[in-house]
Amino acid sequence: MKCEEFHEEIMLYFGQAELPVELAGHIADCESCRAFYEEMKGMAAGLGVDDDFYPNELETERFLKRLNDEIDRTRPTVVSGISWYKLVGVAASVILVVGISLLGNFFKQNGAIPESTGTNLSVLYDDDYQIALENSDLYELSDDQFYILGIDYTSKRTYDAAGQLIEDLSEEEMKYLEENFNVGDLL
Amino acid sequence: MIESYRDRLQPLIEKAVTGDRDAFSEIVRIMMKPIVALTYRMTRNREAAYDLAQDTFLAAWQNLSGFRGEALFDSWLYRIATNKTLNYLASPKSAVVASDDYRLNDMADDNTPEKLLMQKELKGMVLDFMSTLPTRQRLVFNLRFYRNLPFTEISEITGNAEGTVKTNYREAIKKLREYMKQKGWQS
Ligand SMILES: [Zn+2]
């Protein structure tokens with residue numbers, strides 16, 4: 001490896017206490033890389049630790065209280081506040097979004113995925129969009145997939161669109177979705 | 001540092017998944033600091049940082065039963081926080097001019113006033129620098145430099161390939177080097 005490449009490697013360990021053996025060995029032998037490493041080390045030390053960003057005990061307890069209040073407040077609403085057909089709608093959308101990640105090509109060929117334009121997904125039009133969005137956090141959705149979820153809800157076409165897309169699936173694709181996703185798990 | 005809290009978390013997680021609120025509160029006490037530090041550095045807005053942390057823990061509680069043991073719990077939390085933060089940053093409400101309230105907590109008492117001032121200036125500088133980074137680079141810089149996470153985990157948290165994540169980190173370090181030179185910073 002050339003020294004330049006070692007420099008690139010050294011940068012990856014910026015701020016880390018330990019270096020891989022090969023890298024440490026080269027630094028010990030090479031003046032240029034040693035100088036670069038020392039510079040990086042000095043810079044990292046200058047940035048320091050992040051303990052002053054930490055909330056103190058009082059702030060932590062205040063935060064916890066607010067959180068616990070929120071947990072108490074949201075639990076009953078989430079369960080009883082939406083009717084079953086809305087849940088089905090949310091489930092269908094979540095399944096679709098997860099399904100789309102696996103059947104991406106199919107949807108792309110059919111022109112069902114709009115170009116992502118960075119639509120503002122935090123404008124929440126209704127509760128179930130919020131719920132779907134919160135749950136979707138946990139399923140590794142890409143920006144595009146968030147976008148799909150968002151556009152369906154924001155344009156109020158959710159249930160129709162979800163239903164249409166499900167109808168468009170071939171038997172094989174539907175079977176694949178049914179076998180791989182469990183509505184109960186997702187909600 | 002990572003390992004130490006992972007050991008403490010493990011038994012608490014086991015209790016919390018069965019619905020133990022006290023155990024969950026203890027988890028929040030442990031994980032709130034790194035989560036708030038992350039959301040704060042990403043948004044540079046104290047209020048937003050706390051709100052995002054709150055949303056993160058709320059979603060974690062609501063989805064705790066869906067947490068699969070094979071993923072690391074803190075990585076899972078970082079992923080939720082990351083998604084929430086990226087959504088927030090993509091929304092118009094984040095466009096409110098970043099505030100300068102980088103003093104989230106008082107500095108340690110054993111520092112001299114001179115040292116405090118220097119550190120404070122440096123902290124402000126680092127935050128200024130970070131706000132110049134593209135979101136993804138800022139995120140990777142935080143997870144790597146301040147949280148000491150391996151690139152494989154950062155890749156899982158951000159949903160980006162490991163190579164991409166490494167490139168993000170290198171780019172951030174190169175920019176940091178330039179920035180510090182410009183500011184006449186000496187190690
Ligand atoms: Zn060299």
Side-chain angles (χ1 to χ4, degrees), chain A residues 7-17 38-57 59-68 70-72 74-75 78 118-123 131 133-143 146 150 185-187, chain B residues 21 24-25 28-29 32-34 36-37 40-41 49-50 53-59 61-63 66-67 76 79-80 83-84 86-88 90-94 102-108 119-120 122-123 126 144-146 148 151 156 159 166 169-170 172-174 176-177 180 185-187:
Chain A
H7 286 196
E8 297 281 299
E9 198 64 18
I10 289 168
M11 280 189 258
L12 293 182
Y13 290 89
F14 179 83
Q16 301 297 303
E38 288 304 323
E39 186 196 335
M40 288 288 130
K41 232 167 93 176
M43 231 163 77
L47 298 189
V49 288
D50 63 341
D51 54 354
D52 61 332
F53 290 99
Y54 286 0
N56 62 31
E57 215 173 301
E59 283 169 312
T60 305
E61 293 310 310
R62 209 181 290 148
F63 179 88
L64 252 176
K65 176 156 190 331
R66 211 180 113 202
L67 177 65
N68 278 318
E70 193 64 14
I71 287 174
D72 290 335
T74 49
R75 194 168 33 180
V78 167
T119 290
N120 163 33
L121 295 186
S122 11
V123 179
I131 291 159
L133 195 65
E134 277 175 8
N135 283 292
S136 66
D137 272 1
L138 309 174
Y139 300 101
E140 297 184 328
L141 301 183
S142 71
D143 292 347
F146 267 123
D185 280 353
L186 291 172
L187 293 168
Chain B
R21 286 274 286 271
F24 186 71
S25 293
V28 175
R29 284 192 188 94
M32 184 193 167
K33 295 175 176 185
V36 172
Y40 181 68
R41 283 211 185 80
Y50 277 105
Q54 174 105 17
D55 291 351
T56 299
F57 286 113
L58 186 63
W61 171 258
Q62 287 167 345
N63 294 279
F67 169 67
W76 185 67
R79 197 165 89 215
I80 301 173
N83 283 331
K84 301 235 176 251
L86 293 180
N87 278 344
Y88 167 81
S91 74
K93 58 186 172 186
S94 74
Y102 53 81
R103 193 197 59 85
L104 259 200
N105 200 357
D106 290 324
M107 308 262 178
Q119 283 184 348
K120 210 168 173 177
L122 198 59
K123 296 283 181 209
V126 176
R144 177 69 173 172
F145 182 73
Y146 289 106
N148 291 313
F151 287 112
E156 275 170 32
K166 284 182 173 174
Y169 195 60
R170 266 197 213 99
I173 303 304
K174 282 177 192 165
L176 176 66
R177 194 179 178 213
M180 287 178 103
W185 185 84
Q186 301 277 333
S187 61

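Chain letters run A, B, ... following the sequence lines, proteins first and then strands; every chain starts at 1. Everything numeric here is computed off the predicted structure, so don't read it as measured data.
With a threshold of 4.5 angstrom between heavy atoms, A:Glu8 approaches chain B through its backbone and through its side chain. In this structure, no portion of B:Ala172 lies under 4.5 Å from any heavy atom of chain A. Contact annotation for A:Leu64: only side-chain heavy atoms (C-beta onward) come within less than 4.5 Å of a heavy atom of chain B.
Atoms OG1 and CG, from A:Thr60 and A:Leu67 in turn, are 12.0 Å apart once rounded to the nearest 0.5 Å. The line from OH of B:Tyr50 to CZ of A:Arg66 is 10.0 Å long, rounded to the nearest 0.5 Å.
The side-chain heavy atoms of B:Met180 and A:Leu47, taken from C-beta on, include a pair separated by under 4.5 Å.
Between B:Phe57 and A:Phe63, the ring planes lie perpendicular to each other; the angle is over 60°, past the 30° to 60° tilted range.
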